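As the structure is a prediction and not an experimental result, all values here were calculated from the model.
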Amino acid sequence: EVHLVESGGGLVQAGGSLRLSCAASGFSLDDYYITWFRQVPGKDREGVVYKSKHGDVIYYADFVKGRFTISSDNAKNTLYLQMNSLKPEDTAVYYCAATEIRPTLRKGGWTMLELYDSWGQGTQVTVSS
């Protein structure tokens with residue numbers, strides 16, 4: 001059974017850092033296309049960063065470029081999202097999602113929720129001003 005579990009969320013002051021983890025079981029993360037999403041209540045879920053299978057391509061949303069970094073530990077079958085210089089507008093529930101179908105990066109294709117068939121339960125990130 002494919003399973004994703006996020007952790008590492010919490011409360012941090014603006015300018016601070018957090019590292020989120022996405023642990024997988026039942027499949028190898030490195031063999032899937034993975035995206036971190038986030039969602040604020042009342043708003044659509046938005047893509048934060050995409051990592052292709054084997055990490056050949058990484059794509060960041062403009063609003064996190066230079067602040068967030070995705071990485072992975074294949075031995076632990078875990079993906080990480082290092083978030084630095086956090087802003088209050090980064091407050092959201094963060095999810096990792098996996099798909100075997102290669103998304104297109106054009107026109108935001110990698111953010112299409114219906115592409116992803118495995119989702120974690122999310123982890124709350126709150127950034128205070």
Task: Least distance between heavy atoms, G47 atom then A61 atom - done: O-CB, 3.5 Å
Open item on the list: For a 4.5 angstrom cut-off between non-hydrogen side-chain atoms, does V57 reach L105?
Closed with: yes
Task: Cluster overlap F63 with Y59, hydrophobic side-chain contacts below 4.5 Å - done: no
- [ ] Identify whether NZ of Lys or CZ of Arg in R38 sits under 6.0 Å from the centre of the six-membered ring of Y95 and within 45° of that ring's axis.
- [x] no
- [ ] May I ask you to test the L20-M83 pair for a side-chain heavy-atom distance under 4.5 Å?
- [x] yes
Task: Nearest heavy-atom neighbours spanning D90 and S85 - done: OD2-O, 4.4 Å
Open item on the list: Assigning hydrophobic clusters by single linkage (Ile, Leu, Val, Met, Phe, Trp, Tyr; side-chain heavy-atom cutoff under 4.5 Å), is L115 placed with L113?
Closed with: yes
TODO: Identify the residue among N74, N77, D73 that makes a side chain to side chain contact (heavy atoms under 4.5 Å, CB included) with L29.
DONE: N77
Open item on the list: A side-chain contact here means heavy atoms from C-beta on lying under 4.5 Å apart; do D31 and H54 qualify?
Closed with: yes
TODO: Return the minimal non-hydrogen interatomic distance between A98 and I34, and the atom names on each side.
DONE: CB-CD1, 3.4 Å
Open item on the list: I need the minimum non-hydrogen distance between L11 and S128, along with the two atoms involved.
Closed with: CD1-CB, 4.3 Å
Open item on the list: Just so I know, are the side chains of R67 and K87 near enough to count as touching, which here means a heavy-atom distance under 4.5 Å?
Closed with: yes
Task: Rounded distance [0.5 Å steps], CD in Q82 versus OG in S71 - done: 8.0 Å
Open item on the list: Quiz question: by atom type and distance under 3.5 Å, do the side chains of S17 and N84 form a donor-acceptor pair?
Closed with: yes
Task: Side chains of V64 and W36 in contact at under 4.5 Å (non-hydrogen atoms) - done: no
Open item on the list: Under 6.0 Å between ring centres: does that hold for F27 and Y32?
Closed with: yes
Open item on the list: Is any side-chain heavy atom of V12 closer than 4.5 Å to one of T126?
Closed with: no
TODO: Verify the cluster assignment for L86 and V48: are they in a single hydrophobic cluster under the rule of side-chain heavy atoms below 4.5 Å apart?
DONE: yes
Task: V93 versus Q124, closest heavy-atom pair with distance - done: CG2-OE1, 3.2 Å
Open item on the list: Which heavy atom of P103 sits nearest to which heavy atom of T99, and what is that distance?
Closed with: CG-CG2, 4.4 Å
Open item on the list: Tell me if a side-chain donor or acceptor on T111 pairs with a main-chain N or O of G109 at a distance below 3.5 Å.
Closed with: no
Task: Greater than 12 external heavy atoms within 6.0 Å of K43's NZ - done: no
Task: Atom pair CG/SG of L4 and C22 - distance to nearest 0.5 Å - done: 4.5 Å
TODO: Verify whether the ring centers belonging to Y33 and W110 lie closer than 6.0 Å.
DONE: no
- [ ] Consider only side-chain heavy atoms of I, L, V, M, F, W and Y, link residues closer than 4.5 Å, and tell whether F68 and V125 are in one cluster.
- [x] yes
TODO: State the CD1-NZ distance between I101 and K53, to the nearest 0.5 angstrom.
DONE: 11.5 Å
Task: From CD (E6) to SG (C96), nearest 0.5 Å - done: 4.0 Å
Task: Exercise: do R19 and Y80 side chains pair donor with acceptor under 3.5 Å - done: no
TODO: Carefully, step by step, assess F37 and W119 under the rule ring pair (Phe, Tyr, Trp, His ring centres under 6.0 Å).
DONE: CA-CA 10 Å; F37 288 89; W119 291 83; 5.0 Å; yes
Open item on the list: Using a 3.5 Å distance criterion without hydrogens, assess whether the side chain of S72 forms a donor-acceptor pair with backbone atoms of L79.
Closed with: no
Task: Pairwise side-chain contact, T91 with V40, heavy-atom cut-off 4.5 Å (strictly under) - done: no
Task: Any side-chain heavy-atom pair of T69 and Y60 under 4.5 Å - done: yes
- [ ] Taking atom types as modelled, find out whether Y116 and T35 have a side-chain donor-acceptor pair closer than 3.5 angstrom.
- [x] yes
Task: D56, CG atom: more than 12 neighbouring heavy atoms under 6.0 Å - done: yes
